[in-house]
Amino acid sequence: MSGEAKLPVQQLVILAIARFAEPLALTSIFPYLPEMIRSFGVSENEIAKWAGFTSAVFSLAQSFTAVAWGRASDRFGRKPTIVFGLATTMIMFVIWGVSTSLPMAITVRVLAGAGNGNVGIIRTMVAEMVTERHLQPRAFSVMPLVWSLGSIFGPAFGGMLANPAERFPGLFGHSAFFKAYPFALPNIILAVFFLISLATAIFFLKETLETRRGQRDWGLLIGKKMTRALRPSRKPTSRPRRASFMDGEATAPLLPTDMSPKASSSHQTAPQSTMKDVFTTQTVIGLVAYTFLALHAVAFDQVLPAFLDYPVREQTPENRSLPFRFSGGFGLKSDSIGTMFAAYGISCGLTQFLLFPPLCNRLGVRNCYRCCAIAFPLVYLLVPYTVLLPTTNTRLAGMISLMCVKGFAGIIGFPCVTILLTNSASNLRILGTLNGFATMFSGFGRALGPTFAGAAFTWGVERGYVVTAWWLLALVAALGAVPAFMLVEGQGPSSSVESSDDERDEDGEQAIIDEDSEDDNAAVGAPLLLGPSHATGNGSVRRAGYDSISQSR
């Protein structure tokens, strides 16, 4: 068996399944949010402001609790905090669907944001699974790819199923419930996806926190029993195990008899990280870059539905004075907005799947991020001028084109800045806390961005200046491009020998749930894990990671 490190494909897929419901639910509200705000009795010109505020309170609440969730994951484990976050989000989204007033909707969004710190924790798990720098572009592109898939189905899902009593009168026209709660159906159905994500996380996701590996996980035990029950029975073989060095190196961790005293003692004496370890010059620059990126990128996605929903205005010499003074939107309904966001998500997904890894490997993570940072302000400057195009088709084509360019920049920019931030960490032990702070600061950006952009959009359209919000976003994006040219590509937490060795020692232990693990691995044709380390030709030791069942993409 080759000692070359490979992606932990199985665990990344399981983590992606556990993650999928969140972007699906979050993006499903975009098409009908303006319509929902309008149903609360909010005036037309105030819809963008309150839609932005409703989105902002989610991010603000998430910011205030992000560090606490990061520290909780450092103490209690990554998996329990992810499971709790999924359960909380599922409950809150069901309640969101039956909201009957603006205060109720805002309160639900606050609770949903405060109860979920999964973004930073999942990023931490990916970093703990994959410390090899040449594998990081593919590993860190998985979760943005999941977000892209969610953003394809989510808006189409929400736009199609919102207000079903009017949209599908034959099925729901006589339902008093769906007449009273027109936005409940998409959230109720999305609860099924959350249950799937919860079950996947509970039964198949493995803990990556070094101090919690090797502990008995009843969820994994049950998952293994269920998996075994679904497989055809096989006759046990009496084939003796090979005694070669490579066999022992590759399979010995699959059948341990006890915990290593050295590993146990290292867990007990692991030094606590300090704020000085977390906040280095490069991590601070990375946090600033990530905050600016979240601020303007999320503000764009939140204000865009209000712009698409805003009525078309006839352009006359009285209400238009180019290049700044003009107004109007696209006058689209929620189903049309959902279709546009689905196309937007498809472009993001294709970019993530086909272009991101080769671009990063060819140009480098830092250079890719710099190109994206330059593209954002240019897109924002051009967006409002799409309403001046002569026909409906040309307006839609222009807007979709700019959305795709923005999606291209965002889907590459976010994982790039995440990799740069991760590689600025001094060791693996601080990743949970660092990503907690990243979630907190970016949450402030995601709260501030939709708030000021929505208010600027409202202020602008009231005075005939639809460019206001978009040019303000362009200014913010230009400022956010400055840190991109101050970042350097660090060696990453894998450069910490102590941290890396601890992780290698524990990789094998986490693979063991019960004494039948070897049979289960044989059933799928390969061991789940490589050994804790492999000796290379020059005698150096490197982390082997996980062995995938099939070749990674």
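Below, all heavy atoms of this structure are taken into account, side chains as well, without hydrogens, waters or symmetry copies. All residue numbers refer to positions in the sequence shown, counting from 1.
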**Side-chain H-bond candidate by donor/acceptor type, Q282 with S424, under 3.5 Å** = no
**Pairs meeting criterion salt bridge (Lys or Arg N to Asp or Glu O under 4.0 Å) with involvement of residues 79-91, two or more places apart** = K79-D217
**Asked** Given side chains that start at C-beta, do those of F183 and I29 come closer than 4.5 Å, heavy atoms only?
**Response** no
**Asked** Do the side chain of Q11 and the main chain of F204 share a donor and acceptor less than 3.5 angstrom apart?
**Response** yes
**Message:** Quick one, T208 with T124, criterion side-chain contact (heavy atoms from CB on, under 4.5 Å). Give me CA distance, side-chain angles, the key distance, then yes/no.
**Reply:** CA-CA 9 Å; T208 61; T124 301; 5.9 Å; no
**Request:** Please list, chain by chain and in numerical order, all residues satisfying salt bridge (Lys or Arg N to Asp or Glu O under 4.0 Å) with R19, sequence neighbours excluded.
**Result:** E22
**Prompt:** Where is the tightest heavy-atom contact between M104 and V98, given as atom of each residue plus distance?
**Reply:** CE-O, 3.8 Å
**Request:** Measure the CE-CZ distance between M92 and F58 for me, rounded to the nearest 0.5 Å.
**Result:** 11.5 Å
**Request:** Going by the side chain to side chain contact (heavy atoms under 4.5 Å, CB included) test, name the single residue among T291, V284, L287, I285 that passes it with P483.
**Result:** I285
**Item:** Expected output: side-chain Q62 to main-chain N116 donor-acceptor under 3.5 Å
**Value:** yes
**Prompt:** Do the rings of F84 and W69 sit parallel, tilted or perpendicular, given the 30° and 60° boundaries?
**Reply:** tilted
**Message:** Checking the side chain of R366 only, and the main-chain atoms of C416 only, is there a donor and an acceptor separated by less than 3.5 Å?
**Reply:** no
**Request:** Can you see which heavy atom on M129 is nearest to which on L15, and at what distance?
**Result:** CE-CD2, 4.4 Å
**Prompt:** When rounded to the nearest 0.5 angstrom, what is the spacing between OG1 in T283 and CG in L420?
**Reply:** 12.5 Å
**Message:** Is the ring pair F64/F444 parallel, tilted or perpendicular, if the boundaries are 30 and 60 degrees?
**Reply:** perpendicular
**Request:** Looking only at non-hydrogen atoms, find the nearest pair between S28 and L190 and report the distance.
**Result:** OG-CD1, 3.3 Å
**Distance (rounded to the nearest 0.5 Å) between L33 CG and M36 CE** = 7.5 Å
**Request:** Give, for atom CG of L220 and atom CD1 of I202, the distance between the pair rounded to the nearest 0.5 Å.
**Result:** 10.5 Å
**Message:** For a side-chain contact (heavy atoms from CB on, under 4.5 Å) check, start with the C-alpha distance between V83 and L198, then their side-chain angles and the critical distance, and finish with the verdict.
**Reply:** CA-CA 6 Å; V83 169; L198 266 174; 3.8 Å; yes
**Item:** Closest non-hydrogen atom pair, P186 against Y32
**Value:** CG-CE2, 4.2 Å
**Item:** Reported CZ-to-CG distance for the pair F194 and L86, which is rounded to 0.5 angstrom
**Value:** 7.0 Å
**Asked** Is there a donor-acceptor contact under 3.5 Å from the side chain of S73 to the main chain of G70?
**Response** yes
**Prompt:** Looking only at heavy atoms, what is the nearest atom pair of I412 and L359, with distance?
**Reply:** CD1-CD1, 3.7 Å
**F441-F292 aromatic ring centre distance below 6.0 Å** = no
**Request:** List in chain and number order the residues that pass side chain to side chain contact (heavy atoms under 4.5 Å, CB included) with I188, two or more places apart in sequence or in another chain; answer none if no residue qualifies.
**Result:** F177, A184
**Prompt:** Distance-only, no hydrogens or angles: does the R78 side chain make a donor-acceptor pair with backbone N or O of E207 under 3.5 Å?
**Reply:** no
**Request:** Quick one: closest heavy-atom pair of Q302 and P450, and the distance?
**Result:** CG-CG, 3.8 Å
